[in-house]
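Ligands are counted one by one from 1 in listed order, and the atoms in each one are counted from 1 as well.
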Amino acid sequence: MDYETLIVETHGAVGLVRLNRPQALNALNSTILLELKKAYAAFHADDAIGAIVLTGSEKAFAAGADIKEMQPLNFAEVYQRDFISGWDEIAKARKPVIAAVSGFALGGGCELAMMCDFIIASETAKFGQPEITLGVIPGMGGSQRLTRAVGKAKAMDMVLTGRMMDAVEAERAGLVSRVVPADRLLDEALAAAAKIASLSRPSVLMAKEAVNRALETTLEEGLRFERRMFHSLFATEDQKEGMAAFIEKRKPEFKNR
Ligand SMILES: CC(C)=CC(=O)SCCNC(=O)CCNC(=O)[C@H](O)C(C)(C)COP(=O)(O)OP(=O)(O)OC[C@H]1O[C@@H](n2cnc3c(N)ncnc32)[C@H](O)[C@@H]1OP(=O)(O)O
């Protein structure tokens, strides 16, 4: 498949998508969205792929939604088109997605990283929601996902001032899961994704669903949901294999069923 704004590769059981619009620091436009949907759909349709890594360039994961594309739009247009709602589909990827972030992840770029299941950041990463400095507010989930990730105080600080957060602060705040040297970023993300892809697919998908449910429901409902998912995994061959392999002191051979 040909892409204008992405580089799409496979590394074993991992699908790798690199945002590739260097002249605009990977600013997110309608072509990137369209192509990202295509790439994700292809990886989801491919049984050989167990996890996805989404990354940008060394200088920018993505510097936000494309300001030049947005500037001339008016209310009637954005409202009637439900502008940028198409990104919700990216957040609904069923296979695990890791964001590997180097450089700027601003506005829609920060929001896109937060749509992934977790973020591995290089020491050079800078996160921010600077929309307020443009006379708007986050529109791809920043006010919601950032608040859930880092809490109200820091989210308010970021969203109201538009300031950037470096990688150390982002890790301390819980926005990123780990910080690695810039030259190790992709290897670390690919290794994490390969580990996930090597595990039993049904349990990986259910683990992702269960963690996400924690953000959407009460503790009681979440605990019930987790337990039912846990119970249902006893219907899989992989549960028998995983536990047998432990007892027999060997590596499991998962069949994803
Ligand atoms: C999702 C929603 C609802 C909203 C948003 O995301 S709004 C956008 C939020 N993002 C920003 O406000 C960041 C905008 N970019 C910057 O502040 C700077 O580019 C920078 C701090 C990230 C980097 O500064 P630097 O001086 O290193 O690089 P530039 O010369 O400024 O940029 C290079 C090149 O890229 C174009 N660019 C950068 N960001 C965007 C963007 N978000 N949309 C469109 N184009 C962008 C920039 O204009 C320049 O290209 P030209 O030289 O051709 O103008």
Any non-hydrogen protein atom below 4.0 Å of atom 16 (C) of ligand 1?
-> no
Is_contact(atom 30 (O) of ligand 1), protein non-hydrogen, under 4.0 Å = no
Pro138: which of Met158, Gln144, Glu131 passes side chain to side chain contact (heavy atoms under 4.5 Å, CB included) | Glu131
Nearest protein heavy atom to atom 4 (C) of ligand 1, by residue and atom, and its distance?
-> Glu131 CG, 3.5 Å
Counting each atom of ligand 1 from 1 as listed, which ones have a heavy atom of Ile84 under 4.0 Å away?
-> 3 (C)
Please report which non-hydrogen protein atom sits nearest to atom 18 (C) of ligand 1, along with the residue it belongs to and the distance in Å to one decimal place.
-> Leu25 CD1, 4.6 Å
Closest protein heavy atom to atom 1 (C) of ligand 1, given as residue, atom name and distance to 0.1 Å | Glu111 OE1, 3.3 Å
Working to the nearest 0.5 Å, report the span between OG1 of Thr124 and CZ of Phe61.
-> 12.5 Å
Indicate yes or no for a side-chain donor-acceptor contact from Thr147 to the backbone of Ala155 under 3.5 Å, with no hydrogens or angles considered.
-> no
Within 4.0 Å of some non-hydrogen atom of Pro130, the atoms of ligand 1 are 9 (C), 10 (N), 11 (C), 12 (O)
Salt bridge present between Glu241 and Arg257 (N-O < 4.0 angstrom) = no
Nearest-contact summary for atom 7 (S) of ligand 1 - protein heavy atom, Å | Leu134 CD1, 3.5 Å
Test of proximity, Gly108 against ligand 1: N or O pairs below 3.5 Å = yes
Indicate whether the side chain of Glu35 and that of Thr5 have a donor and an acceptor atom separated by less than 3.5 Å.
-> yes
Given Ile67, Leu112, Leu106, which has its nearest heavy atom closest to atom 43 (N) of ligand 1?
-> Ile67
Side chain, backbone, both or neither: the part of Val136 lying under 4.0 Å from ligand 1 by heavy atom | neither
Distance in Å, Leu16 CG paired with Ile49 CD1, rounded so as to fall on 0.5 Å steps | 10.0 Å
For salt bridge (charged side-chain N to carboxylate O under 4.0 Å, His left out), just list the numbers for Arg184 and Asp187, CA-CA rounded to whole Å, side-chain angles, deciding distance to a tenth of an Å, and then say yes or no.
-> CA-CA 5 Å; Arg184 294 278 318 139; Asp187 286 346; 3.3 Å; yes
Report the relative orientation of the aromatic rings in Phe234 and Phe230; use parallel for angles under 30°, tilted for 30 to 60°, perpendicular for over 60°.
-> perpendicular
Ligand 1 N/O within reach of Ala65 N/O, cut-off under 3.5 Å = yes
Among all protein heavy atoms, pick the one closest to atom 26 (O) of ligand 1 and tell me residue, atom and distance.
-> Lys59 NZ, 4.9 Å
Check: Asp117 side chain, Ile98 main-chain N or O, donor-acceptor pair, under 3.5 Å | no
With salt bridge (charged side-chain N to carboxylate O under 4.0 Å, His left out) as the test, would you mind laying out the steps for Arg163 and Glu169 before giving the verdict?
-> CA-CA 12 Å; Arg163 80 171 174 89; Glu169 185 181 359; 2.7 Å; yes
Output the list of atoms in ligand 1 that are nearer than 4.0 Å to some heavy atom of Met140, sorted by atom number.
-> 1 (C)
Ligand 1 contacted by Gln129 (non-hydrogen, < 4.0 Å) = no
Hey, mind stepping through Lys92 and Glu89 against salt bridge (charged side-chain N to carboxylate O under 4.0 Å, His left out) and telling me if it holds?
-> CA-CA 5 Å; Lys92 288 186 182 141; Glu89 195 180 315; over 6 Å; no
Can you pull out the closest protein heavy atom to atom 48 (O) of ligand 1? Residue, atom name and distance to 0.1 Å, please.
-> Lys68 NZ, 3.2 Å
Heavy-atom distance to atom 36 (C) of ligand 1: which of Ala24, Ala63, Pro22, Gly128 wins?
-> Ala24
Please report which non-hydrogen protein atom sits nearest to atom 49 (C) of ligand 1, along with the residue it belongs to and the distance in Å to one decimal place.
-> Gln23 O, 4.3 Å
Taking atom 3 (C) of ligand 1 as the reference point, the nearest protein heavy atom with its distance | Gly139 N, 3.5 Å
Determine whether more than 12 heavy atoms belonging to other residues, nucleotides or ligands lie under 6.0 Å from atom CD of Glu171.
-> yes
